[in-house]
Amino acid sequence: MTPAPRILKARQVIGKTLIFRDAMPEDATFILSLRTDEKKSRYLSTTAPDLDAQRSWLQRYATATDQAYFIIEHQGNLTFIEGGNHIPFDIQRVYYLYDVPGGAERGGHAHKALQQLIIAMSGSFDIVLDDGKDKVRYHLNRSYSGLYVCPMMLRELDNFSSGSVCMVLASNRYDEDDYYRDYAEFMRARWGGA
């Protein structure tokens, strides 16, 4: 007679960003919340909304050898940026915009030589780029992507969500002489004319 297959329990399996670990009685509240939620439980077996029963089941499971019941934990993500590799400049300055009140605008200027990568580290906001002929609006809301802004491009930031954080990686240190703060002066420098 062939013995029935057994599932050998692993304490945990660790990947790059996920950990699979045995479900424990301490997880009963979380598991029950999933199993009794109409949307989240579509592919889970049904159960009564009884926390003590869920906890008892998990205690029995802890000694079982014929099944595996895992909790999957996300360990977060890592995004990195290398100056001169991922972006076309070496990073000389990093700054953040945060606690921007609703309805406020930031920017409203152009740079003569500065290059920037603008990233929504948290929340979201819009960037309007103006080359003096066309205006284009970009919505940033992911911390793993950014918008490259070349020199001689007027930029305005607005539509900040609550709790948003804007990180800017810049090619040069702060230099007031690099700014065009007057639109007419920017247009003359960009396209010539009187």
Side-chain angles (χ1 to χ4, degrees), residues 14-20 30 33-34 37-43 72-194:
I14 300 174
K16 287 185 179 180
T17 60
L18 297 177
I19 292 178
F20 289 73
F30 169 69
S33 73
L34 293 177
D37 182 285
E38 188 175 314
K39 289 183 180 178
K40 295 177 184 174
S41 66
R42 283 179 50 194
Y43 304 105
I72 303 171
E73 296 178 350
H74 189 266
Q75 294 301 102
N77 295 309
L78 171 71
T79 300
F80 63 96
I81 301 166
E82 295 176 349
N85 185 14
H86 298 112
I87 53 178
F89 59 84
D90 288 326
I91 301 164
Q92 296 295 314
R93 182 172 179 237
V94 177
Y95 62 93
Y96 301 84
L97 301 172
Y98 55 95
D99 293 338
V100 178
E105 295 179 358
R106 298 296 307 252
H109 59 265
H111 290 280
K112 298 173 185 175
L114 186 76
Q115 300 174 72
Q116 296 177 320
L117 182 71
I118 303 174
I119 303 166
M121 295 305 295
S122 177
S124 65
F125 52 86
D126 290 350
I127 302 174
V128 178
L129 296 182
D130 179 354
D131 67 358
K133 290 186 177 178
D134 297 308
K135 287 185 179 183
V136 180
R137 178 175 292 271
Y138 297 92
H139 183 70
L140 297 185
N141 63 354
R142 297 285 185 260
S143 61
Y144 52 80
S145 63
L147 180 66
Y148 170 73
V149 181
C150 64
M152 298 302 292
M153 187 70 66
L154 192 113
R155 82 279 332 268
E156 291 184 9
L157 286 77
D158 63 13
N159 195 26
F160 286 87
S161 69
S162 177
S164 61
V165 177
C166 170
M167 180 176 74
V168 181
L169 308 179
S171 63
N172 299 319
R173 295 188 171 145
Y174 174 80
D175 178 5
E176 183 59 34
D177 291 337
D178 187 61
Y179 283 76
Y180 286 112
R181 297 189 187 277
D182 178 74
Y183 192 75
E185 183 185 356
F186 164 71
M187 290 295 289
R188 284 192 299 274
R190 181 85 164 114
W191 301 109

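Side-chain contact check for Y95 versus Q116: some heavy-atom pair is nearer than 4.5 Å.
Distance CG/D90 to CG/N85: 10.5 Å, rounded to 0.5 Å. A distance of 8.0 Å separates CG of D175 from NZ of K112, quoted to the nearest 0.5 Å. Interatomic distance, Q115 CD to I87 CD1, rounded to the nearest 0.5 Å: 8.5 Å. In this structure, the separation between NE2 on H109 and CD on E185 is 13.5 Å, given to the nearest 0.5 Å. Put simply, CG on D130 and CE on M187 are 7.0 Å apart, with the number rounded to the nearest 0.5 Å. Atom CG of L140 is separated from atom CD1 of I127 by 4.0 Å, given to the nearest 0.5 angstrom.
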TODO: Go through the steps to decide whether T79 and I119 satisfy the test side-chain contact (heavy atoms from CB on, under 4.5 Å), and finish with yes or no.
DONE: CA-CA 12 Å; T79 300; I119 303 166; over 6 Å; no
- [ ] Kindly determine whether F125 and I118 satisfy side-chain contact (heavy atoms from CB on, under 4.5 Å), including the steps that lead there.
- [x] CA-CA 11 Å; F125 52 86; I118 303 174; 3.9 Å; yes
TODO: Could you check M153 against Y148 for side-chain contact (heavy atoms from CB on, under 4.5 Å), going step by step and ending with a plain yes or no?
DONE: CA-CA 11 Å; M153 187 70 66; Y148 170 73; over 6 Å; no
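Among V128, V149, L147, D126, the single residue meeting the side chain to side chain contact (heavy atoms under 4.5 Å, CB included) criterion with Y138 is L147.
Contact detail for R93 and Y174: the closest heavy-atom pair is CD-N, 3.6 Å. What you find for G132 and Y183 is that their closest heavy atoms are CA-OH, 3.9 Å. The two residues V165 and Y98 make their nearest non-hydrogen contact at CG2-CB, 4.2 Å. Nearest heavy-atom pair across G123 and A120 is O-CB, 3.9 Å. Nearest heavy atoms, M167 versus L169: CE-CD2, 4.0 Å. Between W191 and D131, the closest heavy-atom pair is NE1-O, 2.8 Å.
For D178 (side chain) and A113 (main-chain N/O), a donor-acceptor pair under 3.5 Å exists by modelled atom type. No side-chain donor-acceptor contact under 3.5 Å links R106 to the backbone of A104.
A perpendicular orientation is assigned to the rings of F80 and H86, their planes being inclined by more than 60° (bins at 30° and 60°).
Using a 4.0 Å cut-off between charged side-chain N and carboxylate O, E176 and R181 make a salt bridge.
Under the 6.0 Å cut-off for aromatic ring centres, Y179 and H111 qualify, their centroids lying closer than that.
The side-chain contact (heavy atoms from CB on, under 4.5 Å) search around S161 returns S124, S164, not counting sequence neighbours.
Cation-pi geometry between R190 and F186 is not satisfied (NZ or CZ under 6.0 Å from the ring centre, within 45° of the ring normal).
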